[in-house]
Amino acid sequence: DTQESPITNVNVDWRKMELSWKSSRNFSKYQCTIMGRDMEKIEEEVNSSLCSFPVELHLPLHKGVFFIIEVPNTNISKQCTFLPAGMNGSAIENFSCVIYNIFLMNCTWQAGRDAPADTQYFLYWQNSR
């Protein structure tokens, strides 16, 4: 099937756990699936080009995830793999966090030894069970 999918510009906002895309055709429903490396999956049916997955999703995102966007009752779909990998040697080192009085957490780390000078790191907090 070499036909171009009408679904393009797939984007993931990891902070909000939102998957969004553009579609050159207006469909009333989409089915989104997020699947971890261990094949655990969560499906969501929406009537817009935005899927929100639970922020407390217990998928090991650092191992990469697989997204499928489908239009029900058609053979139209789009598949994407997201591997949150950086350049070799850019991973942070000496990461540690200290919690004070339950309410304050201070985390420190060093940039990876081969990370370019303009590398930016982001730390996201996620409540867990």
Side-chain angles (χ1 to χ4, degrees):
D1 182 29
T2 56
Q3 186 186 349
E4 269 300 299
S5 174
I7 299 168
T8 57
N9 292 43
V10 179
N11 186 50
V12 180
D13 182 330
W14 293 110
R15 198 182 306 207
K16 294 182 184 166
M17 281 305 291
E18 285 179 350
L19 177 67
S20 60
W21 60 91
K22 298 226 180 329
S23 178
S24 59
R25 291 167 52 193
N26 279 333
F27 298 107
S28 57
K29 279 201 185 340
Y30 296 93
Q31 168 94 26
C32 311
T33 305
I34 183 172
M35 195 181 314
R37 284 268 176 256
D38 56 1
M39 304 309 277
E40 181 190 346
K41 66 180 183 179
I42 290 181
E43 295 177 339
E44 189 82 34
E45 195 168 272
V46 293
N47 38 26
S48 70
S49 55
L50 177 78
C51 268
S52 293
F53 295 100
V55 173
E56 58 280 354
L57 196 63
H58 295 288
L59 289 178
L61 300 177
H62 62 282
K63 293 180 181 173
V65 289
F66 188 60
F67 290 105
I68 307 164
I69 303 161
E70 297 168 284
V71 180
N73 308 316
T74 70
N75 60 358
I76 295 170
S77 69
K78 183 81 171 181
Q79 302 183 356
C80 301
T81 303
F82 284 86
L83 280 167
M87 289 170 45
N88 280 348
S90 66
I92 63 169
E93 298 175 15
N94 301 326
F95 177 80
S96 75
C97 293
V98 179
I99 297 174
Y100 303 93
N101 297 336
I102 308 173
F103 299 108
L104 179 67
M105 181 166 75
N106 187 26
C107 297
T108 58
W109 61 86
Q110 264 122 31
R113 60 190 78 181
D114 296 329
D118 62 352
T119 301
Q120 293 183 12
Y121 298 99
F122 299 90
L123 177 65
Y124 299 108
W125 168 264
Q126 182 174 310
N127 284 323
S128 71
R129 289 185 254 209

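This structure is a prediction, so every number in the text was calculated from the model and none was measured.
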Gap separating the [atom1] atom of [X] from the [atom2] atom of [Y], nearest 0.5 angstrom:
| X | Y | atom1 | atom2 | result |
| --- | --- | --- | --- | --- |
| Thr74 | Phe27 | OG1 | CZ | 6.0 Å |
| Met35 | Glu43 | CE | CD | 8.0 Å |
| Leu50 | Asp13 | CG | CG | 9.5 Å |
| Ile34 | Cys51 | CD1 | SG | 9.5 Å |
| Glu93 | Arg113 | CD | CZ | 4.0 Å |
| Ser52 | Lys16 | OG | NZ | 9.0 Å |

Checking side-chain contact (heavy atoms from CB on, under 4.5 Å) against Phe67, which of Val12, Thr33, Thr81 comes through?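 The single option meeting the side-chain contact (heavy atoms from CB on, under 4.5 Å) with Phe67 is Val12.
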Looking only at heavy atoms, what is the nearest atom pair of [X] and [Y], with distance?
| X | Y | result |
| --- | --- | --- |
| Tyr121 | Gly112 | OH-N, 3.1 Å |
| Cys32 | Trp21 | SG-CH2, 3.5 Å |
| Ile7 | Val71 | CD1-CG2, 4.3 Å |
| Ser5 | Ser77 | OG-O, 3.4 Å |
| Val65 | Gly36 | CG1-CA, 4.3 Å |
| Gln79 | Phe66 | OE1-CZ, 3.4 Å |

Assigning hydrophobic clusters by single linkage (Ile, Leu, Val, Met, Phe, Trp, Tyr; side-chain heavy-atom cutoff under 4.5 Å), is [X] placed with [Y]?
| X | Y | answer |
| --- | --- | --- |
| Tyr30 | Val10 | yes |
| Leu104 | Ile99 | no |
| Leu123 | Ile92 | yes |

Side chains of Pro6 and Ile76: does their closest heavy-atom pair fall under 4.5 Å?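 Yes. Closest side-chain heavy atoms under 4.5 Å.
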